[in-house]
2 protein chains.
Amino acid sequence: MVTLKDISKATGVSVTQVSRALGGHDDVKEATRAKVREAAARLGYRTNAIAKGLKTGQTGFVAMVIPSDIDASGREIMFDMVVGISQAISRHGLKFLLHVVDSDAQVTGAFDLLFHGGGIDGFILTELQEPDPRVAYLQDRNMPFVVHGQYPGRPHPFVDLDNFRVGEVLAGWLLDAGHRRILFLNGQDHRIYSSTRTAGARHAFAVRGIDPSTLDVAHGPMTQDRGRAVALDRLRRPDRPTGIIAGNTMLARGVWDAAAACGLRIPEDLSVTAHDDVLAQYPASGFDPVPSVTRSALHAAWAALADTMSQTIAGGDPEPDSGLLAPEAVPGLSVAPPPAGSSRG
Amino acid sequence: MVTLKDISKATGVSVTQVSRALGGHDDVKEATRAKVREAAARLGYRTNAIAKGLKTGQTGFVAMVIPSDIDASGREIMFDMVVGISQAISRHGLKFLLHVVDSDAQVTGAFDLLFHGGGIDGFILTELQEPDPRVAYLQDRNMPFVVHGQYPGRPHPFVDLDNFRVGEVLAGWLLDAGHRRILFLNGQDHRIYSSTRTAGARHAFAVRGIDPSTLDVAHGPMTQDRGRAVALDRLRRPDRPTGIIAGNTMLARGVWDAAAACGLRIPEDLSVTAHDDVLAQYPASGFDPVPSVTRSALHAAWAALADTMSQTIAGGDPEPDSGLLAPEAVPGLSVAPPPAGSSRG
DNA sequence: CTGAAAGCGCTTACAG
DNA sequence: CTGAAAGCGCTTACAG
């Protein structure tokens, strides 16, 4: 292993000046800096972020801790999420690491292990639940973190899609077209984003003077299989929904499948709105007809997350509410008035 | 952050003795040890593995580096692999971390970053290809590593299924039942385990005096979709195979699908053998009829991998060839003689 | 512009 | 059984 001392010996420059030359400080003679740089390159020097961290308190490593018992839909997007976050973090000159623990209960212990024992500067949290002990745990111990999502109570650094607005827009489109029997294929129960979207959708009902309790909300994994299964179940009932809100494009795929299986045309017989995370596997462009969507790229959220993480580690308090991402409302061809024969709620 | 110094102050014991007490050395008076332990627990002390590592050269962190552009089948098992390896590593008191880089080309750079700069003790390598620069890179730089698989040339620490034997057994069962037109649904091209399995299968042909070149080997991702697609293609040909070897149970699922689609019964019209990694999602018990398989739990491989990693870090050279895992040969009900009407190769 | 010195949290000979 | 001291690789006041 090549150290500053080795470069010092090779160049005759003191370790102090070698450190300053490589660290880009300006109080180093150009000639000295050049000599040091050359030797560092020649010897294959790599700065030891850990030793540096011992002194400065910053290693540049950021981590995420996940339990191994996450559900199917979590697994499905896990790889994309890890890759996306990792890339975004790298762009800020930080390094991303993933650590897996056996269960939810072991997550906080891993925070301590990694922060105090492993030179990790900060953590990224996703998939918040209610209740979720992680946020308070990190806040109480002053460990830097950024949440993808928001937790009620004490404010904290976060990046989040405006899920209330998502629910509001997706429901609003259907209501304004005249639909009254609406099914909302939402995400997992107890997930905060799910309940926020429901609240947004019900708000859309309320402001139009329609009873919000008539909205049928189904919680579960956001997969194509579940989308098909739940949609099929509801579409086969005599008072079938005339409009469906899909929480993402995978669920929407399932709705398309179910509509086909029931011989229902979109939008003539069934209207559908969906949220589009702009994931490569399930592009909204792959649908016929093009769906009406709220759109917000998960990649944009990850980039914002990395940015906020970088600020948080640097000690800057990100401004409250700066983390809220507005979805784009993109009308398509998947919404029409309900079919003439359908009784209206 | 609580340090040894804090405990020293709280107890009046020197930092030296505190370190020894907590480290479990035997040259500490019991009363002192008890006092120190109590204070450590009360203050919430956590040893800083990084500072320790600076002194001892061991942090207890083990990492795996994966490129983000891995293929579909790689993504499918990635989560299970990471979880399985992580658990196995934890059981040895080590900590596992995953780091993602953009492409294959950046993997070696990440090794340097993590080893010299990030306090990582050693690396786990999987999915070896040919050629694969990673093994030589780590060997040349004396960074500890263990491979799941084997690389030709200089010996190195590894754990690997005896893939030659797998190919030999799976082909042998079909040949001995009288099959001559055999399709081998193998894994990705350029993967060493794929070619080793092919070699084993061809060896089974050769020792029986049958031309090994008549074995039809198809390379690709080991997914159910591909299994179905390739099997369908072959089964619809006039000289369709009467026996199929499936590289894993996901491919086998696809074969079962294809057979059903063609109206072929297993084993009356089509014999199938498969390798079973004993993964929770695709249990061999879920098939009808029960398939004849070579069986070797990936979990066992991961446990062995962690064990070898632990030894390697500790400086012990694991014995050569101790890492080869023998598959279990478990005959089922999926092999019968070829149908009477079929011309025999 | 430069270098000797102190110190981040830890461990381990060394000398009692 | 105990503790002062040195040192892992680095950075940063401090004094030239």
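Order of the sequence lines sets the chain letters (A, B, ...), proteins ahead of strands, with each chain counted from 1.
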Item to check | Atom-pair distance (CG on A/Leu4; C1' on D/dT12), nearest Å | outcome: 13 Å

Item to check | Side-chain N,O (A/Thr32) to OP1/OP2 (C/dT2) below 4.0 Å | outcome: yes

Next on the checklist: Using a 3.5 Å limit on both distances, find every run of at least three consecutive Watson-Crick or G-U pairs that involves DNA chain C.
Outcome noted: C:1-3 with D:14-16, C:5-12 with D:5-12, C:14-16 with D:1-3

Checklist entry - Using atom P of each nucleotide, how far apart are D/dT2 and D/dA6 to the nearest Å? => result 23 Å

Checklist outcome for this item: Between CG of B/Asp27 and C1' of C/dT12 the distance, given in whole Å, is 11 Å

Checklist entry - How far, in whole Å, is D/dC14 from D/dC10 if one measures between their P atoms? => result 24 Å

Checklist entry - Under 4.0 Å between a Lys/Arg side-chain N and an Asp/Glu carboxylate O for A/Glu30 and A/Arg33? => result yes

Checklist outcome for this item: Separation of C/dT12 atom P from B/Lys52 atom NZ, nearest Å, is 9 Å

Item to check | Contact nearer the 5' end of DNA chain C, comparing B/Ala51 with B/His25 | outcome: B/Ala51

Checklist entry - Does A/Ser19 have a side-chain nitrogen or oxygen under 4.0 Å from the phosphate oxygens OP1 or OP2 of D/dT11? => result yes

Next on the checklist: Taking the C1' atom in each of D/dG16 and D/dT12, what is the distance between them to the nearest angstrom?
Outcome noted: 16 Å

Next on the checklist: Checking B/Phe79 against A/Phe79 for the ring pair (Phe, Tyr, Trp, His ring centres under 6.0 Å) test, could you report, in this order, the C-alpha distance in whole Å, the side-chain angles of both residues, the deciding distance, and whether it holds?
Outcome noted: CA-CA 7 Å; B/Phe79 189 83; A/Phe79 189 83; over 10 Å; no

Checklist entry - Nearest nucleotide by nearest heavy atom, which residue falls closer to the 5' end of DNA chain D, A/Lys5 or B/Lys29? => result B/Lys29

Next on the checklist: Please determine whether a side-chain nitrogen or oxygen atom of B/Gln17 lies at a distance below 4.0 Å from atom OP1 or OP2 of D/dT2.
Outcome noted: yes

Item to check | Separation of D/dC10 P from A/Ile50 CD1 (nearest whole Å) | outcome: 12 Å

Item to check | Integer-rounded Å distance: C/dG9 C1' and A/His116 NE2 | outcome: 13 Å

Checklist entry - Is a donor-acceptor contact shorter than 3.5 angstrom present between the side chain of A/Arg20 and the base of C/dG3? => result yes

Checklist entry - CD1 of A/Ile7 versus C1' of C/dG3: gap in Å, rounded? => result 17 Å

Checklist entry - Is any side-chain heavy atom of B/Met81 less than 4.5 Å from a side-chain heavy atom of B/Trp302? => result yes

Next on the checklist: Any side-chain N or O of B/Ser14 below 4.0 angstrom from OP1/OP2 of D/dG3?
Outcome noted: yes

Item to check | Whole angstrom value for the distance that separates C1' of C/dC10 from CG of B/Leu22 | outcome: 12 Å

Checklist entry - Looking for any heavy atom pair under 4.0 Å, which part of the strands does A/Asn48 touch: base, sugar-phosphate only, or nothing? => result sugar-phosphate

Item to check | Distance, rounded to the nearest Å, where B/Lys55 contributes NZ and D/dG9 contributes P | outcome: 9 Å

Checklist entry - Want to settle it: does A/Leu54 or B/Asp26 sit nearer the 5' end of DNA chain D, counting the closest nucleotide to each? => result B/Asp26

Next on the checklist: Measuring to OP1 and OP2 of D/dG3, would you say a side-chain N or O of B/Thr16 lies under 4.0 angstrom away?
Outcome noted: no

